[in-house]
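Right, one structure below, let's go through it.
Residue numbers start at 1 and run along the sequence shown. These numbers come from the heavy atoms of this one structure, side chains and all, not from hydrogens, waters or symmetry mates.
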Amino acid sequence: MRRRTVTAGSLEEILRATEPATAAAPAPAPPTAPSAGAPARREEHALRTEFEFELPRGYVDEAGTLHRHGSMRLATARDELRPLIDLRVKENPAYLSVVLLSQVITRLGTVTDVHAGVVERMYATDVAFLQDFYRRVNSEGHTRAAVTCPHCEGAFEVDLSGGRLGES
């Protein structure tokens, strides 16, 4: 059995070649006006693709500014495949989460260019938080976690995306 090595350039070519052709797709039907007696239908179950978060400690940039609020988008298959061909990941498999997080974090405070170097300079507690947040968003589809009160043993849910206690 022959093994084939995939490089970044050839992965892009493969992904481009396997994308569905948009020219052959049929034109969408024109929208029809709702009848006078029927209420307009609203899309109630729209897919949420971006999630806000608040870091436990925060990222401090070169100017000394603290950034705690950010957003992360859902990962695509390409996002999960691309780090596998990254040389830094091949040399050190633990670096995979750094590369993966840098691809899906869309904003961190005022920083919009989140790259691996930014994630490298984050505190370990924030990286662990983001890894858990990534897992929850991409496998469970939400940011809520079931918890139990240690005093009364009552069960309830908390949203891990960040609001302060008492905020809604």
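Residues forming a salt bridge (charged side-chain N to carboxylate O under 4.0 Å, His left out) with Arg88 (at least two apart in sequence, or on another chain): Asp86. With sequence neighbours left out, Ala63 forms a side-chain contact (heavy atoms from CB on, under 4.5 Å) with Asp61, Thr65. When the side-chain contact (heavy atoms from CB on, under 4.5 Å) test is applied to Cys149, the partners found at least two apart in sequence or on another chain are His151, Cys152, Phe156. Applying the side-chain contact (heavy atoms from CB on, under 4.5 Å) test to Ser102 and every residue at least two apart in sequence or in another chain returns Ala116, Val119. Judged as a salt bridge (charged side-chain N to carboxylate O under 4.0 Å, His left out), and not counting sequence neighbours, the contacts of Glu62 are Arg121. When the side-chain contact (heavy atoms from CB on, under 4.5 Å) test is applied to Pro93, no partner is found at least two apart in sequence or on another chain.
Looking at Arg78 and Leu81, their side chains never come closer than 4.5 Å, going by heavy atoms from C-beta outward.
The backbone N or O of Leu55 sits nowhere less than 3.5 Å from a side-chain atom of Asp126 that would complete a donor-acceptor pair. Asn138 places no side-chain N or O within donor-acceptor distance of the main-chain N or O of Leu74, the cut-off being under 3.5 Å.
Residue Leu66 shares its hydrophobic cluster (ILVMFWY side chains chained together at separations under 4.5 Å) with Val60, Tyr123.
Considering CD of Glu54 and CZ of Phe133, their distance stands at 11.0 Å, rounded to 0.5 Å. To the nearest 0.5 Å, atom CG of residue Leu96 and atom CD of residue Gln131 are 9.5 Å apart. Atom CD in Glu80 sits 3.5 Å away from atom OH in Tyr134 (nearest 0.5 Å).
Placement of Leu47 and Phe51 within a single hydrophobic cluster is found when ILVMFWY residues are connected by side-chain heavy-atom separations under 4.5 Å, directly or transitively.
Contact record, Asp79 with Arg73: OD2-NH1, 2.6 Å, taken as the closest heavy-atom pair. In terms of heavy atoms, Phe53 sits closest to Met72 at CE2-N, 3.9 Å.
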Would you mind writing out the side-chain donor-acceptor pairs for residues 104-114 within the sub-3.5 Å range, not counting sequence neighbours?
residue : atom : partner : partner atom : Å
Thr106  : OG1  : Glu50   : OE2          : 3.1
Thr106  : OG1  : Ser71   : O            : 3.2
Thr106  : OG1  : Ser71   : OG           : 2.6
Arg107  : NH2  : Glu52   : OE1          : 2.7
Arg107  : NH2  : Glu52   : OE2          : 3.4

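Evaluation of the salt bridge (charged side-chain N to carboxylate O under 4.0 Å, His left out) test over residues 93-106, restricted to residues two or more places apart or in two chains, returns none.
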